[in-house]
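Below: one structure, written as structure tokens.
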Amino acid sequence: DTEKHADLKIFPNPSSGSADIEIVLHSATQASIELYNILGKSIVSKSFDLQKGLNIIKLEEIHNDLSTGNYLINVIMNQEKLSNHIMITK
């Protein structure tokens, strides 16, 4: 079964620090959203209860003062991990 059960988009990207993390799910689940800097250092991890369908989480809900740079966002659910990058430009 290679069908993805979720989809992750981040926009606008690059961002000045305000962005939407869009997660589309085929079923409701709890997810952990992790933010890493370019060196792989974990900056923050937060848990969210996500609904089936479209979920929009504001980047500011995870971290409200990111400095300029590239970051990796991981969304971890049950057996699945989604990853995407965001560039912050201030």
Side-chain angles (χ1 to χ4, degrees):
D1 183 8
T2 59
E3 183 183 342
K4 285 179 27 175
H5 295 101
D7 190 35
L8 171 64
K9 294 183 180 134
I10 304 168
F11 59 90
N13 195 2
S15 163
S16 61
S18 174
D20 287 343
I21 300 167
E22 199 174 87
I23 306 164
V24 178
L25 300 175
H26 293 296
S27 60
T29 188
Q30 186 172 45
S32 177
I33 299 181
E34 301 175 344
L35 183 66
Y36 293 87
N37 69 13
I38 198 73
L39 302 174
K41 178 174 182 271
S42 176
I43 296 171
V44 66
S45 177
K46 288 198 174 173
S47 292
F48 292 88
D49 289 316
L50 302 178
Q51 308 306 311
K52 179 179 178 179
L54 176 62
N55 297 268
I56 298 176
I57 296 168
K58 298 278 186 201
L59 179 62
E60 304 93 282
E61 290 179 46
I62 298 167
H63 195 294
N64 63 7
D65 190 25
L66 288 173
S67 49
T68 296
N70 286 299
Y71 296 89
L72 175 67
I73 294 175
N74 286 334
V75 179
I76 298 168
M77 309 157 289
N78 299 333
Q79 319 296 308
E80 194 165 7
K81 178 170 104 171
L82 303 172
S83 295
N84 209 331
H85 288 86
I86 186 165
M87 180 187 291
I88 303 296
T89 57
K90 293 195 172 174

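Along the sequence shown, the residues carry numbers beginning at 1.
Checked options Ile38, Asn84, Ile10, Ile43; the residue passing with Tyr71 is Ile43 (criterion: side chain to side chain contact (heavy atoms under 4.5 Å, CB included)).
Atom CD1 in Ile88 sits 12.5 Å away from atom CG in Asn37 (nearest 0.5 Å). The CG atom of Leu35 sits 5.5 Å away from the CD1 atom of Ile73 when rounded to the nearest 0.5 Å. The distance from atom CG of Leu66 to atom CE of Met87, rounded to the nearest 0.5 Å, is 13.5 Å. The CD atom of Glu60 sits 7.5 Å away from the OG atom of Ser15 when rounded to the nearest 0.5 Å.
Between Pro12 and Ile86, the shortest heavy-atom contact is O-CD1, 4.2 Å. Taking each heavy atom of Ala6 and Met77 in turn, the nearest pair found is CB-CE, 3.8 Å. Summarising the geometry of Asn13 relative to His85, their closest heavy-atom pair is ND2-O, 2.8 Å, with the distance given to 0.1 Å.
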Using distance only, find each side-chain donor-acceptor pair of residues 45-59 under 3.5 Å and give its atom names and separation, not counting sequence neighbours.
from	atom 1	to	atom 2	distance (Å)
Ser45	OG	Ser32	OG	3.1
Lys46	NZ	Glu61	O	2.7
Asn55	OD1	Gln51	N	2.8
Asn55	ND2	Ile23	O	3.4
Asn55	ND2	Gln51	O	2.8
Asn55	ND2	Gly53	O	3.3
Lys58	NZ	Asp20	OD1	2.8

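Looking only at side-chain heavy atoms (C-beta outward), Glu34 and Ile76 come within less than 4.5 Å of each other.
The hydrophobic cluster containing Leu82 does not contain Phe11, counting ILVMFWY residues as joined when their side-chain heavy atoms lie under 4.5 angstrom apart, directly or transitively. One hydrophobic cluster, built from ILVMFWY side chains closer than 4.5 Å, cannot hold both Val75 and Leu72; they sit in different ones.
Shown here is Lys90, whose NZ atom has more than 12 heavy atoms of other residues, nucleotides or ligands within 6.0 Å.
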